[in-house]
Amino acid sequence: MKNWILKKKCRIVLFGILIVAVPLAGLAFFVNFAVTAAIEGRIIRETQGLSKAASHNITRQLEGNIRLAELFATRPLLLSALKTGNKTEMSHHLRMLVGNGGLIERAFIASGKGVELAACPEDPSAIGKNFSHRDWYKGISKNWSPYVSDFYLRAGKPQRYLFAIVVPIRVAGQVKGILVLQPNADYIKEALSSIEVGEGRIHLVDKKGSLIYRSGSIVDKTIDFTDYPMVPKLLKGLKGVENIIDPEYKKPLISAYYPIKEYGWGVIVDKPMDVVLAPVRKLNEMVYAISGLMLLLGGVLAYGFSKMFIAQKKSLEERDRVFNYSLDMLCVAGFDGYFKQLNPAYEKTLGWSNEELMSKPFLDFVHPEDRDLTVEAAASLSGGRPIKIFQNRYLCRDGSYKWLSWSSYPLVEEKAIFAVARDITRHKELEDQNAQRAAQLEDANSELLAMNEEVQAMNEELQNQQKELTATNMRLQTATRAKSDFLANMSHELRTPLNSIIGFSELLQDELYGKLNEKQKEYIADVLDSGKHLLQLINDILDLSKVESGKMELELSNFVLKDVLNAAMIMLKEKAMKHSLQLELEISSDADIDIEADERKFKQVMFNLLSNAVKFTPEGGSVSVTARIIPDNKNSINNDVSDGFVEISVADTGIGIKSEDMSKLFHEFSQIESPYTKKYVGTGLGLALTRRIVELHGGKIWAESEFGKGSRFAFSIPLRQRRISETMPLTMRQAGIANADKRRVVVIDDDPRTLEIVDSALTAEGYIVTRASGGTDGIEAVRKEHPELIVLDLLMPGMNGFEVVDILRSGERTSEIPILILTAKDLSSEEKKRLEGKIDHIAEKGSITQESFIVEMKKLLVRE
C-alpha cells in the first residue's frame, strides 16, 4: 500500500488531503458529542452540588434557630412568668428574642393546649385564640420535640404565608407551654445567599409539596407544586438529577433535587439546556471555518512533499548500491533505537539475519554490562556529536558475544546514525588475559600485607570492645531508668496543656460562642486533630515507658468480645468510607462470648492494628477482622472452653511488606525503610506497644504478608486472665438535692484553661457552675453551694486532690456528693486504693472528649 501511494505525485497529494480531512472529521464529531456530553456532565455535577449545598444551608439555619429557641425556652425568669401567667414578663422576653433573633419576624408563646398567651409584635386579636388546629401544634404535640411546620397563612398581622419553628417549654420536666418562631420573608433567601445558580432557579417545597420559595420571585400564596416532576421523588426522600421539560415554559431543563430529610422538605435546582449548550454552538462554527483552511493547507503541503520525496528516493537508491558491496559492517540506525538498514557483513559476523536484527531494538543484542554506555553513546549521537571509536559486545546467534569497534556519524536531519563496525573479539581476549594475570599477582601481594595488619588490629579491637561494652551497659541502665522516671513524672505537665488545646478546640468547633466560616472550621478541625494525634503519641510513649519500667498494670474486667470489636470497627468506619474501603467483621459462633482482659488496652490493640490496615490499604480495598476460639488442649480440664485462647486477626488488601522487612516489625521506633514510607507517616511506636500489651496479657502476636497483595496481623490472648491488679470499684452515689431544675456543679482545678473548658461545656448543657482554683477554695465552695456534682483535679499546689477527697468525705453534709476526678496523672495501684470507695468516676484529661465527659457527668446525676 505504501509503495503504491509513493509511485505518483497525485496519489501523494490525495493521501495528504485525507490525512488532514480524517482528524478534522473526528474533531467535529468530538465537538458535537463528546464536548456536549462533557459540558452537560459538568452542569449535572454542578447542579447536584448546588442542590446539596442549598439543602445543607437551610438545614444548618433551621438547626441554629431551633437551638436558639431551645436555649431561650430554659430561661428561669421566662419559666417563672409562664408558671404565674405574667404576660408582661413573657412579652419582655419575646421582644429580646425577636430583637436578637436576626431573621425572626415574630414570636409568641402558647399554652400546652395551643392557646396564644403572649407575642412580639403583639396582635390583640390573636391573644387568647386557640391554634390547636394549626399544623405546628399538631406536629409538636405528637412527641413534644422541636418541629418545623408546613406553609400556612398567618392569623396575626401582618398576614402572609410562612412556616413556623416550634419548641416545647418544659417546667420540672412537664410541658407547660410552646414557643413559636415565625421567620421573616427573607429567611430562606438569606440561607441561600451563598448559592450562585447563574441563570438557573432554586425551588424549596415543604413536606406537602407546597412551594415555599422560588429564587427571583415572591411566593405570596400556597402553591401546589406536586405536578413538578421532581417533587414526588423528593417527598419520598430521594435525590438525583434529570433532564426534564419545564411544565411552565415547555423548555428542556437540567434539574437536580436533594431532600431535607430532617424536616420533610426538598430543594430543586434547575438550569435551561439552551443556556448550558450555548458554548458548543459557537465552538462548532469555529471548527467548520478552521476545517476549510486546513484542507486547503493540506493539499499544498502534500504537493510539495511529493516533489521532495521523489528526489530523495533517487539519492537513496544510489547510496544503497555502494552500501551493500562494502566488506566492512555498515549500518543505518534510527534515533528510536532500531536498525534501519544493514549490509550483508552483519549476517557473516553475528549469524543473525538482517530481518531478525531489525525486528528488535539494537539494545536487545548488546551485552547487559555494555547497555548503559551504549545508551550514552546513542544520546551523544542524537545531539549531533560524532564518535570516532566506541566498543561494546553484541550477541551472536549461537549465544556467544563478540566485541565490535564502532565509528559513528549522526544524520540529524534524518534522525538517524551512520556507523561502521569491525570485529575485535580476538584482540580483546588477549588484553583480558594479560590484565587478569597482572591483577592476580597484585591481589596476592595485597592480601598477604592485609592479613598481617588485620591480625594485629583484631587483638587491639577485642580489648577495646570489652571495655566499651562494660561502660555501655552501665550507661544504658542509667539512661533507661532516667528516661522512664522522666516520662512518668512529665505525664501531668504534657497532658494538661494538650487537654486545654483539645477542649477549647471542641468548644470553638461546636460554635457555642458564634458561628465560624469554612476556613476557620477547617483550621479548628486541624488543631483538634493535631492535638489528639500528639496526645496519642504521648500516651504511647508513656505506656512504653511504663512497660519497660514494669509499672504498667492490667485493669481486668469481663466484657462482650463482639461489642468491643464492633466498637473498634465503628471508630475507623468514617476514615474507611472516605477512602472507599470495605470493613468486614466475622465472629465464629463459639467466639460470641465474654472474655476477661483489660478492656481499654484491648481496644488500644484493635485500634492500632485497624489504623495500620486502613492506612496502608489503597482506595477500593478491604479490611477484614475475624475472631475464633482456640482450645488449650494441654491445660484444659474436661475440654472447658474457658481454658482456651481467643485469636483475633486483621487482614487487608494493602501494599504488603517485603520478606526482608518482616523482622523490623514490633520494635520500638522501627519503621520499614522503603519508598512507601515517604507516603505513610508514623513513629514506629504502635506495633511495639501492641506487642507489649498482648504479651502483658499472656498472649502472642505475629504477622504474615505478601508484598503488593496485603498483610494479616493476628494475636491470641487467654480467655481468662491471672489477675495482676483489680479494677478499682467506683461506687455511684446519689445526693438528694432539691430544686432539680437548677443543678449546680463545683469545678476545682488550678489550671484556668481547664476551668474555662469545663465551665463552657457544663453551662451549654444548662448547669450552674462554680469555679475554684485550689483545694481550700474548693472545699469552701462545696460547703456553701452544696452542689449535685464535684469535678476535681488531683495535682494542685497547696492542698492536693487526695486531701480534698478525704476532707469532703469526712464532712456530714458533703460525704454523699458524687465526685468526678478529671486528671492528667497516671494513677498507681496505691493511689487508686487510696481513692477506692471515695470517688465515683475517673476521667483522663485529653483522652476524654467533651461529649463523653457530659455523658459520664449525667450518669452521676441520675436520681432514683
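Residues: numbered from 1 along the sequence shown.
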Once rounded to the nearest 0.5 Å, what's the spacing between atom CG of L381 and atom OH of Y409? 11.0 Å
Show your working on ring pair (Phe, Tyr, Trp, His ring centres under 6.0 Å) between F362 and F339 and close with a plain yes or no. CA-CA 7 Å; F362 55 73; F339 287 119; 5.5 Å; yes
Using only atom types and a distance under 3.5 Å, with no angle test, would you say the side chain of H579 pairs donor to acceptor with the backbone of L581? no
Which heavy atom in C396 sits nearest to a heavy atom in W352, and how many Å separate them? C-NE1, 3.5 Å
Hey, is K340 close enough to D336 for a salt bridge, meaning N to O under 4.0 Å? yes
Within this structure, what is the CG-CZ distance for the pair L609 and R712, rounded to the nearest 0.5 Å? 11.5 Å
Under-4.0 Å salt bridge between K578 and E574: no
So if I apply the side-chain contact (heavy atoms from CB on, under 4.5 Å) rule between V650 and each of V614, L610, N612, which one comes out positive? L610
Starting at CD1 of I701, measure out to OG of S649 and round the result to the nearest 0.5 Å. 11.5 Å
Taking the six-membered ring of F707 (Phe, Tyr or Trp), confirm whether the NZ or CZ of K658 is under 6.0 Å from its centre and within 45° of its axis. yes
Pair Q433, E431: side-chain N/O donor-acceptor within cut-off below 3.5 Å: no
Just how far is it from atom CZ of R422 to atom CG of D328, taken to the nearest 0.5 Å? 4.5 Å
Is the side chain of T653 donor-acceptor paired with the backbone N or O of G710 at a distance under 3.5 Å, no angle test? no
Could you please spell out the steps behind the side-chain contact (heavy atoms from CB on, under 4.5 Å) verdict for I44 and I254? CA-CA 7 Å; I44 287 173; I254 291 180; 4.0 Å; yes
Between F607 and M571, the two heavy atoms sitting closest are CD1-CE, 3.6 Å
Quick one: pull up CZ in R691 and CH2 in W702 and give me the separation to the nearest 0.5 Å. 15.0 Å
S407/I387 under side-chain contact (heavy atoms from CB on, under 4.5 Å): CA gap, chis, key distance, verdict: CA-CA 6 Å; S407 295; I387 296 178; over 6 Å; no
Between F713 and L687 the two heavy atoms that sit nearest each other are CE2-CD1, 4.0 Å
All heavy atoms of T425 vs all of D423, minimum pair found to be OG1-OD1, 2.6 Å
Aromatic contact, W406 with Y394 (centres under 6.0 Å): yes
Using modelled atom types only, decide if a donor and an acceptor are shared between the side chain of Q520 and the backbone of N517 within a distance under 3.5 Å. yes
Which pair of non-hydrogen atoms, one from M358 and one from Q341, has the smallest distance, and what is that distance? SD-N, 4.0 Å
Under 4.5 Å between any side-chain heavy atoms of Q391 and L404, yes or no? no
